[in-house]
Trainee: 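Quick one: the structure is below, questions incoming.
Excluded from the calculations below are hydrogen atoms, water molecules and symmetry mates; all remaining heavy atoms, backbone and side chain alike, are included. Convention: sequence-line order gives letters A, B, ...; per-chain numbering from 1. Worth saying up front: this structure is predicted, and the values here are computed from it rather than measured.
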There are 2 protein chains.
Amino acid sequence: MQLSGLIARLGRHLDLTDAEREAILHAERGERRLRAGDVLVAEGGESHALYVVRQGWLHSSTKLVTGGRQILRFHYAGDLIGTSSMAWSQAAATLTAISDCIVIDLPKTELGLLFRAQPRIAGLLYAIAAAENVAMSDRLTTIGRMGASERLSTLLLDIMARLRVTAGGIVDSFDLPLTQTDIGDALGLTKVHVNRTIRALEKAGVIERNGRRVRIVDEAALVEATGFTDRYGEIETGWLPPAV
Amino acid sequence: MQLSGLIARLGRHLDLTDAEREAILHAERGERRLRAGDVLVAEGGESHALYVVRQGWLHSSTKLVTGGRQILRFHYAGDLIGTSSMAWSQAAATLTAISDCIVIDLPKTELGLLFRAQPRIAGLLYAIAAAENVAMSDRLTTIGRMGASERLSTLLLDIMARLRVTAGGIVDSFDLPLTQTDIGDALGLTKVHVNRTIRALEKAGVIERNGRRVRIVDEAALVEATGFTDRYGEIETGWLPPAV
DNA sequence: CGCCGAGTTGAAGCCTTTCAACGCTGGTGG
DNA sequence: CCACCAGCGTTGAAAGGCTTCAACTCGGCG
């Protein structure tokens, strides 16, 4: 179980066979520990591996010619990150640890072998990539067509939905390890306006804050305002070929 | 060659073996012809197949609770679309034909079998999915952090880069089958502001228009202003397992 | 011939940004 | 041990970019 990031993740969607577990363990390399703020991969840098998040939060981001930054996505335990190196040997985004993290290496040549040995795993990884794509689409829609408070609300709902996957029980509050600058870079807003928007939501009584802790007071109102849909549930696996 | 959408696309990245071609042909089902404006798949509708674009342009879009629309992506000949149905049986986006189109069905159970029979194809499809993800990230960055004229410039550069893949020679002008409303929905702008922005670029002398025809006069200036990078080039295939 | 969608333009208003300043906290070095 | 500094959060005021509302033109289609 020491190097089982991928097994844990895929096991959420499928009952893995022993052979599949074995093959995954064989593909995974040693783990890497990161401190909050550390950069795992830099945009434009060489990259020949994916990483599986075992513990902690990270984000991927890109820099603009104008000096700005866009945070593309937040990554949590179980996520497969750095996938752009499957298509190119240069990383398309920077991966930065938000909290202290542990990630596991998954060299892409090993992944190639895993694809051959375990086609069911290959199919599931493809389905997960498709789901990632939909998650990106959701974000695009939010940023492209919604105002500041809807963007912020969507982010909070999304984080909470994601935390519920692993946390099991009912979650209505969580620690947010992001600065308001981070939130702004994720939502396409300035930190100043993020601050005003947060305080407006607070004043409206739909959220509460206590330090880093955020509590969602009126989840229904947030969902109603944003049209948020939780995509972290099941992934359909019926079409996958049988396990080897 | 009649049903070879996928072969043509994958052949851009790999030399396919006969067995691989055969397996792909076996997975593809009959073609479907669409008229401009036709909806191939509706958001929320059942979907058990992908589609390969053989001819024409389409776009995928989502509707907002507030009544707006976000166009997520434009699709061209060779693209694999409707991939959200790999993860769920309900489509996450609407697929609409922009011009008259021909698409080929690729049932997901067939794709599952293809994954098992031809692991190299599976790996390549995964790499393509990863590249799609990066393309979405680029769009997110553009919309999240750039002004109207940069967004529009990026769209034009992106379309041109994509057309160059299939058109071979030097392309500096193309027919744009999009309304200004479409462009606005793709860029997160109103059609009114799209219009003003187009005319400003025209007045600045970086583009020219003649009906639907758009000519990029000063490509370097557009690239400079936007930091655009063409991702339509090679996909790295060195990590793929050998062909069967 | 008339209507509708697409493109165009002007004016006003709003949301978000920009600029600026200040309090607070945690970490660092003297 | 404590002073200082840097980053973060917060707030106000002014500016700006984009939207909204409205009106008018043009071309294609019934």
Side-chain angles (χ1 to χ4, degrees), chain A residues 35-38 59 64 66-71 96 98-100 142-156 175-204 207-214 225-226, chain B residues 35-37 59 64 66-71 96 98-99 142-156 175-204 207-214 225-226:
Chain A
R35 308 271 294 275
D38 285 357
H59 66 64
L64 305 210
T66 49
R69 178 180 68 150
Q70 175 72 45
I71 293 183
T96 311
I98 297 172
S99 62
D100 291 351
T142 303
I143 291 180
R145 288 278 165 216
M146 288 181 179
S149 76
E150 290 82 13
R151 295 190 207 179
L152 181 58
S153 303
T154 303
L155 177 64
L156 295 176
D175 284 314
L176 195 59
L178 306 171
T179 67
Q180 293 180 356
T181 302
D182 290 336
I183 296 173
D185 285 344
L187 300 180
L189 298 168
T190 59
K191 61 183 180 176
V192 174
H193 201 61
V194 167
N195 182 275
R196 290 195 236 271
T197 308
I198 290 178
R199 317 214 92 230
L201 287 181
E202 239 179 332
K203 205 162 289 172
I207 67 169
E208 283 173 12
R209 286 188 309 159
N210 205 326
R212 322 234 78 169
R213 193 100 193 147
V214 178
T226 57
Chain B
R35 307 273 293 276
H59 66 65
L64 305 209
T66 49
R69 177 180 69 150
Q70 175 71 45
I71 293 182
T96 309
I98 296 171
S99 62
T142 303
I143 291 181
R145 291 271 124 169
M146 287 182 179
S149 75
E150 290 82 13
R151 294 190 208 180
L152 182 58
S153 304
T154 304
L155 177 63
L156 295 176
D175 284 314
L176 195 59
L178 306 171
T179 67
Q180 294 182 356
T181 302
D182 290 337
I183 296 173
D185 285 344
L187 300 180
L189 299 167
T190 59
K191 59 183 180 175
V192 174
H193 202 62
V194 167
N195 183 274
R196 290 195 235 271
T197 309
I198 289 178
R199 316 216 92 231
L201 287 182
E202 240 179 331
K203 205 162 292 174
I207 67 169
E208 283 173 11
R209 286 187 309 158
N210 204 325
R212 322 233 78 171
R213 194 97 193 150
V214 178
T226 57

Trainee: CG of Asn195(A) versus C1' of dG7(D): gap in Å, rounded?
Mentor: 14 Å
Trainee: Atom NZ of Lys203(B) to atom C1' of dT8(C): distance rounded to whole Å?
Mentor: 11 Å
Trainee: Please tell me if the side chains of Leu201(B) and Glu208(B) come closer than 4.5 Å, counting only heavy atoms from C-beta onward.
Mentor: no
Trainee: Does any donor-acceptor pair link the side chain of Arg196(B) with the base of dG10(C) at a separation under 3.5 Å?
Mentor: yes
Trainee: Is Arg212(A) close enough to dG9(D) that one of its side-chain N or O atoms is under 4.0 Å from OP1 or OP2 there?
Mentor: yes
Trainee: As a test of reading the structure: which of dT8(C), dT17(C), dT19(D) is closest to the side chain of Leu189(A), going by heavy atoms?
Mentor: dT17(C)
Trainee: Leu178(A) or Ala148(B): which one's nearest nucleotide on DNA chain D is closer to the 5' end?
Mentor: Leu178(A)
Trainee: Nearest heavy-atom pair of Ile183(B) and Val194(B): which atoms, and what distance?
Mentor: CG2-CG1, 3.9 Å
Trainee: Within the structure shown, what part of the strands sits under 4.0 Å from Arg151(B) by heavy-atom distance: base, sugar-phosphate, or nothing?
Mentor: nothing
Trainee: Tell me, do Arg209(B) and Arg199(B) make a side-chain contact under 4.5 Å, heavy atoms counted?
Mentor: yes
Trainee: Arg199(B) has a side chain; which of dG7(C), dT9(C), dC18(D) sits nearest to it?
Mentor: dT9(C)
Trainee: Rounded to whole angstrom units, what separation is found between the CD1 atom of Ile183(B) and the P atom of dT19(D)?
Mentor: 14 Å
Trainee: Is there a side-chain contact between Leu152(B) and Leu189(B), using heavy atoms and a 4.5 Å cut-off?
Mentor: no
Trainee: Over how many whole Å does the gap from His193(A) atom NE2 to dA15(D) atom C1' extend?
Mentor: 15 Å
Trainee: Between dT8(C) and Arg209(B), is there an OP1 or OP2 to side-chain N/O distance shorter than 4.0 Å?
Mentor: yes
Trainee: Contact class for Gly188(A) vs. all strands (heavy atom < 4.0 Å): base, sugar-phosphate, or nothing?
Mentor: sugar-phosphate
Trainee: Look at the side-chain N and O atoms of Thr190(A) and state whether any lies under 4.0 Å from the OP1 or OP2 oxygen of dT17(C).
Mentor: yes
